[in-house]
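Worksheet: one structure, shown below.
One is the number of the first residue; the rest follow in order along the sequence.
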Amino acid sequence: MIVYEALKHEFMQDVFQQQIDVKIRRLILEKIGINVSESEVNSWMNSLLHLSTVINTSEVPDDCGVALEYKIPNTSKRIDLILSGYDELDKPRAVIIELKQWSELEKVDGQDAIVNTILRGSRVNTIHPSYQVWSYASLIKDYNEDVRKENIELFPCAFLHNYDKRENDPLLDNSYSYYLKQAPVFIKGDYGKLRDFIKRFVKKGDQKQILYHIERGRIIPSKSLQDSVVNMVKGNVEFNMIDDQKVIYERAKHIARTSFRDRKKRVYLIEGGPGTGKSLIAINLLADLISTQNGKMCKYVSKNAAPRNVFKKKLRDGGYRVPYIDAIFGGSGVFTASDSNEFDVLIVDEAHRLAGKSGFVSNVGENQIKEIINASLISVFFIDEYQRISLKDIGTKNEIRKWAHYFNCDISEDLLISQFRCNGSDGYISWIDSILEISDKPDFSFSTDYNYDFRIVDNPNDLKNMIIERNLDNNKSRILAGYCWNWNKNKRSNPDHHDIQISEHNFAMSWNLDNTDTWAIHPESVNQVGCIHTSQGLEFDFVGVIIGEDIKYRNGNIITDFTKRAKTDASMKGIKKLYRSHPEEALKLSDEIIKNTYRTLLTRGQKGCYVYICDSNLREYFKSRMHI
């Protein structure tokens, strides 16, 4: 999605009339659903004035294309500026420019492509500008089929117009040489050099035709983590990590190397919402640490068996032996008797799901967080507190901090923001948080401009048919439901037994059968319904979500009702007893669990989500909050 596009002479006019910042701000709100801050608006105006000076020459054709704030497909990331045109041989070209306000930076040793500079008033580690714009260009090539079919060559660069070069300049240090070759940087005083770079590739105008292909080109289906896990464990690069993902990945490796040297226990706490790359970083970190070069005793840990079992199945199919797989993938309840520092690194995905006691009936051990930190020299926790979906879930940042202090660990914390799920739509995620009253944005409305296929249907059979049709493409679409129907375990092998029935629409389906372990990838699973426990931690192209009677809309408010949850739902076990003794606490906890459950289900789809809501009032309320 291109937020702003124009011919060069139109862009120059908008800059001259000081309208460019106003237009971009309005278009970002309309198309992406983000209200941009005043500081970012001022930053645009400053950078674009410098850029307009660079291209204010007849050597850059007036009819070349100019695109601002191009949203990269399947991500939440935006490219600052694209100039499009033809070279002297009439080959289609696009120059991609990352604009930076930076005036200084420092080299960071031992972390690939990382620098230290001042952002938003604080010194932080971030990615080198060359890596950033190179990784963005790589994503366009990965996702946009037209860029390849039309042989559109992309030439990335960075423009740091406030940056003064100094002796032994860290920006140009040899440690960044690979990325500098892929994407050169231009600094203060380099107007002429940047102009030469642009006019080398954009000699003739294209009347925005190349931008048309970039904007409207067919988007190649994105790879899923579960499909790529085999190659990742082998050490192959399947995904180019971007921005905060790369920073956190490099910091995790640095923390590990530091502990390997000084043998001090460390905890790294990483927070991130749906689709921000938590599992991607976790698997890449696992692959790096268990590689032949490093050979560390490392394990990927998750309480929820569903994603773990899918990864294991993929690895078995990829030729890995079961003992090896079990050595690097495991549950969270197996460390109750572990010795101190028995493992070099434990990487804990979905840490919000960690429990107190372990065992089938929760009668083993004391606290999974305590036991994991004790068992490992380095513990890496990936967490999203808004995905706690059981009364037994104790995984909070404060609980992790408590046990880190107990073991006298050095603790580091970071926040993941980069968004890859839901077509990278921050607007859609914000809308879900708003409509479920998880966030304080009651007036936030969904817009089809988010480029995410979201629909409310009035009949669950329509939802079923839509998902079955979507699933024909690649077996990556599934139906999910809130846990409001009992799961008859005695009939789990009988596809003719239908647990979920909505009589008014003559709708009947079964919860997933005996293939629970690999429901997400089993070819027949589209004919069964998954719940939170079989889908959390996984992703699909499209999901159909049935919202049950445990959440309703009454008198202008979202109301949750734990009595409508299925008796077979262990996540609510004990809530009635708690309600009798402490009703306010029980209602608060159950409200959080129910809302978090639907937030998780509604954010499993990378490309789209179709929803049937049992409560007609809530269904109409959802519709009223959509701008179509």
Determine whether a donor-acceptor pair (N or O, by modelled atom type, separation under 3.5 Å) exists between the side chain of [X] and the backbone of [Y].
| X | Y | value |
| --- | --- | --- |
| Ser130 | Ala183 | yes |
| Thr53 | Leu49 | yes |
| Tyr386 | Glu592 | no |
| Arg604 | Glu539 | no |
| Gln101 | Ser43 | yes |
| Gln606 | Phe542 | no |
| Lys8 | Val60 | yes |
| Glu5 | Val66 | no |
| Arg78 | Tyr70 | no |
| Asp87 | Lys91 | yes |

Mind checking whether [X] and [Y] have ring centres under 6.0 Å apart?
| X | Y | answer |
| --- | --- | --- |
| Phe159 | Phe186 | no |
| Tyr179 | Trp134 | yes |
| Phe381 | Tyr268 | no |
| Tyr176 | His128 | yes |

For the student: nearest non-hydrogen atoms of [X] and [Y], plus distance:
| X | Y | answer |
| --- | --- | --- |
| Val202 | Cys64 | CG1-CB, 3.8 Å |
| Met1 | Glu215 | CA-OE1, 3.0 Å |
| Asp414 | Arg251 | OD2-NH1, 2.7 Å |
| Pro170 | Leu105 | CG-O, 3.3 Å |
| Ser477 | Arg470 | OG-CB, 3.5 Å |
| Leu99 | Asp80 | N-OD2, 2.8 Å |

In terms of side-chain heavy atoms, does [X] have a donor or acceptor partner in [Y] at a distance below 3.5 Å?
| X | Y | value |
| --- | --- | --- |
| His50 | Tyr191 | yes |
| Asn240 | Ser135 | no |
| Asp146 | His213 | yes |
| Asp462 | Tyr610 | no |

Between Lys246 and Gln132, does the side-chain hydrogen bond (donor to acceptor under 3.5 Å, both in side chains) criterion hold? Intermediate values first, please.
CA-CA 10 Å; Lys246 176 69 170 175; Gln132 181 180 8; over 6 Å; no
Separation between [atom1] of [X] and [atom2] of [Y], rounded to the nearest 0.5 Å:
| X | Y | atom1 | atom2 | result |
| --- | --- | --- | --- | --- |
| Ile214 | Ile79 | CD1 | CD1 | 8.0 Å |
| Ile456 | Ser624 | CD1 | OG | 10.0 Å |
| Asp173 | Asn168 | CG | CG | 8.5 Å |
| Asn162 | Glu104 | CG | CD | 11.5 Å |
| Asn125 | Thr117 | CG | OG1 | 10.0 Å |
| Leu119 | Arg123 | CG | CZ | 9.5 Å |

Test side chain to side chain contact (heavy atoms under 4.5 Å, CB included) on Ser103 and Tyr163 and set out the steps.
CA-CA 4 Å; Ser103 57; Tyr163 190 95; 5.7 Å; no
Passes side chain to side chain contact (heavy atoms under 4.5 Å, CB included), Asn471 versus Arg478? Steps please.
CA-CA 7 Å; Asn471 194 63; Arg478 292 293 182 271; 3.0 Å; yes
Using a 6.0 Å cut-off, check whether atom [atom1] of [X] has over 12 heavy atoms from anything other than its own residue.
| X | atom1 | answer |
| --- | --- | --- |
| Asn557 | CG | yes |
| Glu469 | CD | no |
| Phe622 | CZ | yes |
| Lys165 | NZ | no |
| Arg166 | CZ | yes |

Set out, in order, the CA-CA distance, both residues' side-chain angles and the distance that settles side-chain hydrogen bond (donor to acceptor under 3.5 Å, both in side chains) for Tyr612 and Asp458, then state yes or no.
CA-CA 6 Å; Tyr612 172 77; Asp458 294 320; over 6 Å; no
Quick one, Leu81 with Leu48, criterion side chain to side chain contact (heavy atoms under 4.5 Å, CB included). Give me CA distance, side-chain angles, the key distance, then yes/no.
CA-CA 9 Å; Leu81 188 140; Leu48 292 176; 4.0 Å; yes
Tell me, do [X] and [Y] make a side-chain contact under 4.5 Å, heavy atoms counted?
| X | Y | value |
| --- | --- | --- |
| Ile82 | Ile97 | no |
| Leu7 | Asp62 | no |
| Pro274 | Gln387 | yes |
| Glu69 | Ile2 | no |
| Ile383 | Ile270 | no |
| Ser52 | Phe11 | yes |

Examine Arg93 relative to Phe201 and say whether NZ or CZ is less than 6.0 Å from the centre of the six-membered ring and inside a 45° cone about the ring axis.
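No.
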Verify side-chain hydrogen bond (donor to acceptor under 3.5 Å, both in side chains) between Tyr249 and Asp112, making sure each step is shown before the conclusion.
CA-CA 10 Å; Tyr249 174 65; Asp112 180 56; over 6 Å; no
Side chain to side chain contact (heavy atoms under 4.5 Å, CB included) between His352 and Thr396, intermediate numbers included
CA-CA 6 Å; His352 37 270; Thr396 65; over 6 Å; no
